[in-house]
Amino acid sequence: MAFDLDSLNDRQREAVLATEGAVLVLAGAGSGKTRVITSRIAHLMRNRKVPPEQILAVTFTNKAANEMAQRVKVMAPGSGNGSAGRPLICTFHALGVRMLRRTIQHLGYRPNFVIYDDQDQLQLVRGLMEDGVFESDWMQPKDALFALQAARGQGLAAADLLRDEHEPDRRLGRLLAAYEDTLRRMNAVDFEDLLRLPLRLCREHPVPAREFLGQFRYLLVDEYQDTNHTQYDLVREIARPHGNVCVVGDDDQSIYRWRGAEPENIKKFERDFAGVHTVHLEQNYRSTDIILKAANQVITHNADRKPKRLWGRQGEGAPLEWLEADSERQELEAVVNHLRSLRLRRDAKLSDFAILYRSNHQSRGIEELLREEGIPYNLVGGTRFYDRREVKDALAYLKVIANPDDEVSLFRIVNFPRRGIGRTSQTKLADVAAHQGRPALQIMAEAGRYADFAGATGQSMQHFAELVTRYRRRFAEGPLGATFRELLAEVGFHRALEKEKTDAKSREKTVGLIYELEQATDHFGRTREEPSLKSYLEHIALFAMPQDTDERDKPLVTLMTVHGAKGLEFPYVYVIGMADEVFPNKRALDEGQEEEERRLAYVAITRARRALVFSMARARKRYGETLRQRPSRFLLEIDPALFAGPAPGAAGAAHPGHQEQKTKEARERFFENVRKLRETGQGGPG
DNA sequence: GACAGAAGAGTTTTT
DNA sequence: CTCTTCTGTC
């Protein structure tokens, strides 16, 4: 869309024109949020003549960043006062890496640092907990890592926890201290470090920090409700000198609390920044009135939210639909039949349809059925390419070569493919390294000197160390892709994988995976300006997305979780498995997260443009036993009159005779809810 | 070090 | 029930 202030609505224009000072844009679902952000950037450049390189827009996903950059390019081609620069549009983490690339040595790291992902982190925590300082029955490493992440995400340091009066917290503090020390020793950073270290730099080394951040005089933050504590502090640091900061978010779409997002940052923003100019975007350009009504009715049941109400001009549209069946199989068959007939009736493309669900495992049944029925689909989510064990193993070689101090990666591959360095030798190696305070790879290089590593094992260790050194040189000189291929061939990577897979199918798949990786590496080496090993690894850590080549143009039905659907829209949306304790999820309810689940339902509903269908099976098999299911509590919050035919809770399909009676009951329950809300001063659904 | 059988877990996920 | 991870044996 071209840049045109006149085509914006009043509120949108207000958000675009308020370029100076602190601006909070509360953007409801489908209210043209991205359009506002990109128009704002275009306006700054074209009308206010701000040099592009002074503009910084941060997002949470690369996808959002790319999309935004693309749209800015279209809106403001070659503008920016004749200068050739472009605004920086990237994720928080990419910004952090950019900053650390030039400054990390101030914080005691070397510039060849590597980035640890979740698996690396977990491996590290496992190692620390096995070292015996922590009782084995204390916590699962997974839970410990989670607790540790939560603490760090809140900006806490090990010292803060060590000071705590509760012993469990102090113990966590000891683990955190060990974790952070080890990371530093291995010259590795985790994702949270990509935010925390820049912040620390601002506080401890303001001169180099300003040198980098000082260039940005206009800051924009997308999906602001998803920021965590550290990100909030970082936003404050960046905006401090000029105060020109515009944050765009929606507290009703905050669905990432469980991983540290603090939607309270919206309130904090209003408190901490002077003279905040708040703009509400409530006009929805996406959905029909019935869909918006349903969304409003559900979300109004949340107590702690900024009051707002979506409205649209798309007309009333088709009523909601409710499919209820006896079994999961029948539920999904009903969905597929419905999809087929809707497609014919509306002459729609398969890519106009999305089937959403609460959790990933629910995709299995629908996938099976779609395959049987010959309906092509695109499953989004699941295990990502770069998370596959085989791919991670291959990349671990590169990580060790880039940074020989990375011992998590080192131990991952030290005996894969097999080279006779078994568990016992590895433990000894780790002990010697810890005892001497020297990197394990160095010990390996000198293995001959140690009685422990006499014979074949020592030889093998020296050989491995030599391989790493040799390839470090080769990667520095030779082409990335070819060198990588030679490396894998030399260590016998393919052979080892083939040996390990017994059936032909998985063998084929694995080999294909590694081939794909080699291709991708080669492509990077050929097309990048800086095709170094270091930048390749950085690229993988930061930008490697679920091999998402945007398949939305292809004729495929989209299958994904509601989380995955955030930010997207589809003409026709099915939300399957709408049973209570499935959606809302049982475990989330147990943890008191009903409101977050409701926001998730709100996100699901607001994805639909023209038609919205919910479905449920009355019985579900769980771990062998059969459970009876009731409709999701969220569906009972929707006025039954918005549904075509029987509404959820009416149980119409099973007992046609009682249908009218049950519908009446559902209606009464609905207005009962409305009354309750009025009494508590929340305002009722409309 | 390979393999079989037991035991345990079983939301959401980007960077 | 099903998939993953751990444990113990040869």
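Lettering follows sequence order; numbering is per chain, from 1. Predicted model, so just to flag it, every value in this text is computed and none were measured.
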Problem set entry | Sugar-phosphate, base or nothing in reach of A:N415, heavy atoms under 4.0 Å | sugar-phosphate
For this session: Name the nucleic acid region contacted by A:F191, choosing base, sugar-phosphate or nothing; use a 4.0 angstrom heavy-atom cut-off, strictly under.
Result: base
Expressed in angstrom and rounded to an integer, what is the separation of [X] atom [atom1] from [N] atom [atom2]?
{"X": "A:K142", "N": "B:dG10", "atom1": "NZ", "atom2": "P", "answer": "5 Å"}
{"X": "A:R358", "N": "B:dT13", "atom1": "CZ", "atom2": "C1'", "answer": "11 Å"}
{"X": "A:E223", "N": "B:dT14", "atom1": "CD", "atom2": "C1'", "answer": "12 Å"}
{"X": "A:E597", "N": "B:dT11", "atom1": "CD", "atom2": "C1'", "answer": "8 Å"}
{"X": "A:Q426", "N": "B:dG1", "atom1": "CD", "atom2": "C1'", "answer": "12 Å"}
{"X": "A:D387", "N": "B:dT15", "atom1": "CG", "atom2": "P", "answer": "11 Å"}
{"X": "A:R364", "N": "B:dG10", "atom1": "CZ", "atom2": "C1'", "answer": "13 Å"}
{"X": "A:F416", "N": "B:dA2", "atom1": "CZ", "atom2": "P", "answer": "11 Å"}

Exercise. Nearest to the side chain of A:R587, which nucleotide is it out of B:dG10, B:dT13, B:dT15?
Worked result: B:dG10
Problem set entry | Closest listed nucleotide, where the reference is the side chain of A:H563 and the choices are B:dT14, B:dT12, B:dA2 | B:dT12
Exercise. Between A:R389 and A:F416, is NZ or CZ placed under 6.0 angstrom from the six-membered ring centre and within 45° of the ring axis?
Worked result: yes
For this session: Ignoring hydrogens and angles, tell me if any N or O in the side chain of A:R388 forms a donor-acceptor pair with the backbone of A:L513 under 3.5 Å.
Result: no
Answer yes or no: does a side-chain N or O of [X] lie under 4.0 Å from OP1 or OP2 of [N]?
{"X": "A:R257", "N": "B:dT12", "value": "no"}
{"X": "A:N360", "N": "B:dT13", "value": "yes"}
{"X": "A:T91", "N": "B:dT14", "value": "no"}
{"X": "A:N62", "N": "B:dT15", "value": "yes"}

Exercise. Going by atom types alone, do A:Y179 and A:D190 pair a side-chain donor with an acceptor below 3.5 Å?
Worked result: yes
Exercise. When you check the side-chain N and O atoms of A:R126 and A:Q123, is any donor under 3.5 Å from an acceptor?
Worked result: yes
Exercise. Nearest nucleotide by nearest heavy atom, which residue falls closer to the 5' end of DNA chain B, A:T561 or A:R423?
Worked result: A:R423
Exercise. Relative to the 5' end of DNA chain B, which residue comes earlier, A:E591 or A:G422, by the nucleotide with the nearest heavy atom?
Worked result: A:G422
Exercise. For atom P, what is the distance between C:dC1 and B:dT12, given to the nearest Å?
Worked result: 22 Å
Exercise. If we take the P atom in both C:dT4 and B:dT11, what is their distance in whole Å?
Worked result: 14 Å
Exercise. For A:W258 and B:dT12, are the ring centres under 5.5 Å apart with planes inclined under 30°?
Worked result: yes
For this session: Test A:H563 against every option in A:Y256, A:F583, A:Y357 by the ring-ring contact (aromatic ring centres under 6.0 Å, His included) rule and name the one that passes.
Result: A:Y256
Problem set entry | Aromatic contact, A:F92 with A:F60 (centres under 6.0 Å) | yes
